[in-house]
Structures are given as structure tokens and as C-alpha cells.
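Reviewing the structure listed below.
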Amino acid sequence: MELKNLIFEVEGAVGKIIFNRPDALNALNTNTFDELNVLLDEIEKQSLLKVLIITGAGKAFVAGADIAEMQNKSETEARAFSEYGQRTFDRIEQLSIPVIACINGFALGGGLELAMACDIRLASTRAKMGQPEVNLGLIPGFGGSQRLPRIVGIGNGLYLLLTGEMIDAHEALRIGLVWKVLEPGELMTEARRIAEIILSRGSLALKLVKQTVHEGMQKSLQEALQLEAMRFGLPFVEGGQGKEGIRAFLEKRKPNW
Ligand code: CO8
């Protein structure tokens with residue numbers, strides 16, 4: 001499939017998806033989701049990539065679902081579009097490799113929902129974030145009503161969801177929506193620095209951490225702790241990365257995964 005709305009770049013073991021409809025502030029239309037699913041198929045199939053970075057071209061990360069495309073949707077079609085977006089963002093959350101969102105500009109509605117499906121969020125000082133769906137008489141449809149309160153707490157989440165207010169990167173940092181705020185020119189440098197750190201870690205452990213956190217969040221604490229204990233055992237199999245990591249520490253050398 002020829003990519004029109006997305007750019008995909010690979011540098012070593014780090015992949016980068018750039019949302020690239022700058023004239024529409026990278027708004028998410030059906031084609032963009034189709035392309036994103038093709039890319040996710042590719043990323044899931046091959047085992048070369050170890051980290052994925054997601055960002056936007058121009059002055060936006062992603063300014064939301066494509067409002068023009070949504071205008072003629074029936075109730076059934078709107079629901080189907082919401083489910084399509086949710087399924088796609090679930091795939092990002094469930095990728096076995098860590099995903100870093102570089103929020104370079106507007107991350108609104110579906111754009112913030114995309115960022116929230118990523119594992120680590122970095123924001124440029126130019127970033128503006130929010131769930132402005134209520135301004136349009138809508139509610140979030142790509143996971144925002146659920147992921148936002150889970151990330152920033154129900155009080156902060158409800159404030160943003162009920163007012164539709166846009167916040168800047170420093171406010172996002174204050175409520176824990178992003179990990180770090182950087183000057184625009186430093187955003188990608190920091191993402192690559194984090195990617196390098198992640199590349200040096202055991203890939204099985206990274207995959208297990210993601211799975212255990214996300215699955216555990218759906219369970220009671222006791223069930224989630226059982227899940228953690230079960231997964232904790234996995235790197236200990238003979239020849240496993242956990243065995244090598246422990247041996248390397250004791251032998252004062254770098255692990256050879
Ligand atoms: N969809 C389509 N086009 C958009 C969108 C969008 N979300 N955002 C911006 N654009 C377009 C504008 O229409 C404009 O196009 P044109 O040049 O042809 O007029 C172009 O991008 C540039 O935008 P502006 O001129 O408005 O740029 P400004 O810098 O003046 O303003 C803003 C930037 C503040 C970001 C402004 O564009 C804006 O408010 N955009 C809409 C943001 C928004 O409301 N996003 C949420 C959308 S709803 C959503 O995401 C719900 C997700 C779940 C859907 C469930 C499925 C049913």
C-alpha cells in the first residue's frame with residue numbers, strides 16, 4: 001500500500017511514524033487509519049524494530065479525528081468509526097515494543113487519544129493538548145474518556161473532558177500527562193536518547209513490562225499481582241535473558257542479550 005498520510009522511517013532498530021497531512025493538521029481520516037494498520041502489521045511481523053517513535057509533520061501532532069469526514073456519518077457509522085479508531089490505538093498500546101509519542105504541536109481529541117495509547121509522552125513547548133469533543137457536542141471516541149482519567153486521575157481527567165479546554169505542555173507535565181517538556185529542536189533528540197536506553201535493556205523484559213502493566217490495569221490488585229509473579233518467572237528459564245542479566249551483573253560486564 002502506498003502511504004499518503006503517513007511517513008515511515010527506520011534508523012537501525014528505531015522506527016518512526018510521522019502523521020503527514022499538515023494542511024489538515026494531520027487529522028485522522030479513514031485512510032490514515034488504514035495506512036496505520038498496514039504499518040502496524042509490518043511492525044508486528046518483523047522483529048528488527050525495538051522502539052517506535054510517533055510524531056506529526058508541521059505545527060500539529062494530530063488535531064483530532066477528521067471533522068470534515070465525520071460530518072455526514074449516521075449514528076451507526078460514527079460508532080463503527082469509533083470502534084475502528086479504538087482497535088487501531090489498542091494495537092499501538094499492545095505492540096510488544098515501547099512506543100514514544102513526540103508531541104510536537106496540537107494533540108487534540110483523537111490526537112491526544114493517539115498519544116495516550118503510546119507508552120512514553122514527550123512534549124515540545126509548542127504542544128497544546130486537550131479533549132475538545134464537547135465543543136462539538138461530541139464525546140471522545142478513540143479511548144479518551146477511559147485512558148485520560150487512568151493517566152491523570154479522575155479529577156484532572158473530568159476537568160479536561162468536561163471543559164474541552166486546551167492546556168499547554170507545562171500544564172500537561174504538572175498533571176502527569178507527559179513525561180518531559182522540551183524545546184522543539186530537542187524533542188527528537190530526547191526521544192532518540194530514550195530509545196537508546198531502551199535498546200540496551202532486555203527485549204523480553206520490555207515486552208513483559210508492557211503486557212503486565214496494561215493487563216494488570218484491567219484486574220483487581222490481587223489478580224494483577226498474581227499475573228506479575230507468573231510473568232516474573234519467565235526470564236528465569238535456562239538460557240533466558242533474566243539469567244544472562246543477573247550473570248552479567250555479578251560478572252561486572254554488560255549483558256549479552
Ligand atoms: N479535522 C479536519 N480538519 C482540521 C481539523 C480536524 N480535526 N483540525 C484542523 N483542521 C483543518 C482546518 O479546517 C484548516 O483547514 P483549511 O485550511 O482548509 O481551512 C486547517 O486544518 C488548519 O487549521 P486552522 O486554520 O483552524 O488552524 P489554527 O492554527 O487557526 O487552529 C486548531 C488550530 C485550534 C487546532 C483548530 O484547527 C481546531 O480547533 N481544530 C479542531 C480540533 C478539534 O476539535 N479536534 C477534535 C476533533 S473530534 C475528535 O477527535 C473525536 C475523536 C473520536 C471520534 C469518534 C468517531 C466518530
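For clarity, every value in this text was computed on a predicted model and none was experimentally measured. Residues: numbered from 1 along the sequence shown. One-based numbering, in listed order, for ligands and for the atoms of each.
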Which of the atoms in ligand 1, numbered in the order shown and given with their element, are less than 4.0 Å from a heavy-atom of Ala27?
1 (N), 2 (C), 6 (C), 7 (N)

Are side-chain heavy atoms of Arg126 and Asn104 found at a separation under 4.5 Å?
no

Any protein heavy atom at under 4.0 Å, with atom 35 (C) of ligand 1 as the reference point?
yes

Quick one: which ligand 1 atoms are inside 4.0 Å of a heavy atom on Phe81?
56 (C), 57 (C)

At a non-hydrogen distance cut-off of under 4.0 Å, which region of Ala63 contacts ligand 1 (side chain, backbone, both, or neither)?
both

I'd like to check atom 26 (O) of ligand 1 in this structure: does the protein have a heavy atom lying under 4.0 Å from it?
no

Near Leu108, which atoms of ligand 1 are under 4.0 Å from a heavy atom of that residue?
35 (C), 42 (C)

Distance filter under 4.0 Å to Gly109 heavy atoms, resulting ligand 1 atoms:
50 (O)

Just to confirm, does any protein heavy atom lie below 4.0 Å from atom 50 (O) of ligand 1?
yes

Using a heavy-atom cut-off of under 4.0 Å, does the side chain or the backbone of Glu113 touch ligand 1, or both, or neither?
side chain

For residues Phe89 and Tyr84, establish whether the separation of their ring centroids is below 6.0 Å.
no

One finds that the ligand 1 atoms under 4.0 Å from a non-hydrogen atom of Pro132 are 43 (C), 44 (O), 45 (N), 46 (C)

Under a 4.0 Å threshold between the charged nitrogen and the carboxylate oxygen, would Arg231 count as salt-bridged to Glu215?
yes

For residues Thr55 and Phe19, determine if any side-chain heavy atom of one lies less than 4.5 Å from a side-chain heavy atom of the other.
no

NZ/NE/NH1/NH2 to OD/OE distance under 4.0 Å, Lys180 and Glu190
yes

Going by distance only, is there an N or O of Ala65 that falls short of 3.5 Å from an N or O of ligand 1?
yes

Does the protein place any heavy atom closer than 4.0 Å to atom 13 (O) of ligand 1?
no

Does the protein come close to atom 54 (C) of ligand 1 - that is, does one of its heavy atoms sit below 4.0 Å from that atom?
yes

For atom 29 (O) of ligand 1, what is the nearest protein heavy atom, given as residue, atom name and distance?
Lys59 NZ, 2.7 Å

Atom 7 (N) of ligand 1 touched by protein heavy atom at under 4.0 Å
yes

ILVMFWY network linking Met129 to Ile54, side-chain heavy atoms under 4.5 angstrom:
yes

Can you give me the closest heavy-atom contact between Ser145 and Pro140, atom names plus distance?
N-CB, 3.8 Å

Lys4/Asp34 ion pair, N-O < 4.0 Å
no

Heavy-atom contacts with Asp23 under 4.0 Å: which atoms of ligand 1 show up? List them by number with element.
15 (O), 20 (C), 21 (O)

Any side-chain heavy-atom pair from Ile139 and Val134 closer than 4.5 angstrom?
no

Leu28 and Phe81 have their tightest heavy-atom pair at O-CZ, 3.8 Å

Closest non-hydrogen protein atom to atom 4 (C) of ligand 1, residue and atom name please, with distance?
Ala24 O, 3.7 Å

Could you list which atoms of ligand 1 come closer than 4.0 Å to a heavy atom of Gly64?
50 (O)

If I take atom CD1 from residue Ile167 and atom CG from residue Leu112, how far apart are they, to the nearest 0.5 angstrom?
8.0 Å

Starting from the C-alpha separation in whole Å, work towards a yes-or-no answer on side chain to side chain donor-acceptor pair (under 3.5 Å) for Thr189 and Glu186.
CA-CA 5 Å; Thr189 314; Glu186 290 168 11; over 6 Å; no

Proximal atoms of ligand 1 relative to Gly110 (non-hydrogen, under 4.0 Å)
49 (C), 50 (O), 52 (C)

Option of least heavy-atom distance to atom 9 (C) of ligand 1 (set: Leu114, Leu25, Leu136, Asn29)
Leu25

Measuring from atom OG1 of Thr88 to atom CG of Asp90, what distance do you get when rounded to the nearest 0.5 angstrom?
8.5 Å

Any N or O of Ile67 that comes nearer than 3.5 Å to an N or O of ligand 1?
yes

Is there at least one protein heavy-atom neighbour under 4.0 Å from atom 23 (O) of ligand 1?
yes

Distance from atom 57 (C) of ligand 1 to nearest protein heavy atom, with residue and atom
Ala78 O, 3.4 Å

So, Thr32 and Glu35: side-chain donor and acceptor under 3.5 Å apart, yes or no?
no

Is atom 1 (N) of ligand 1 touching the protein, meaning some protein heavy atom lies under 4.0 Å away?
yes

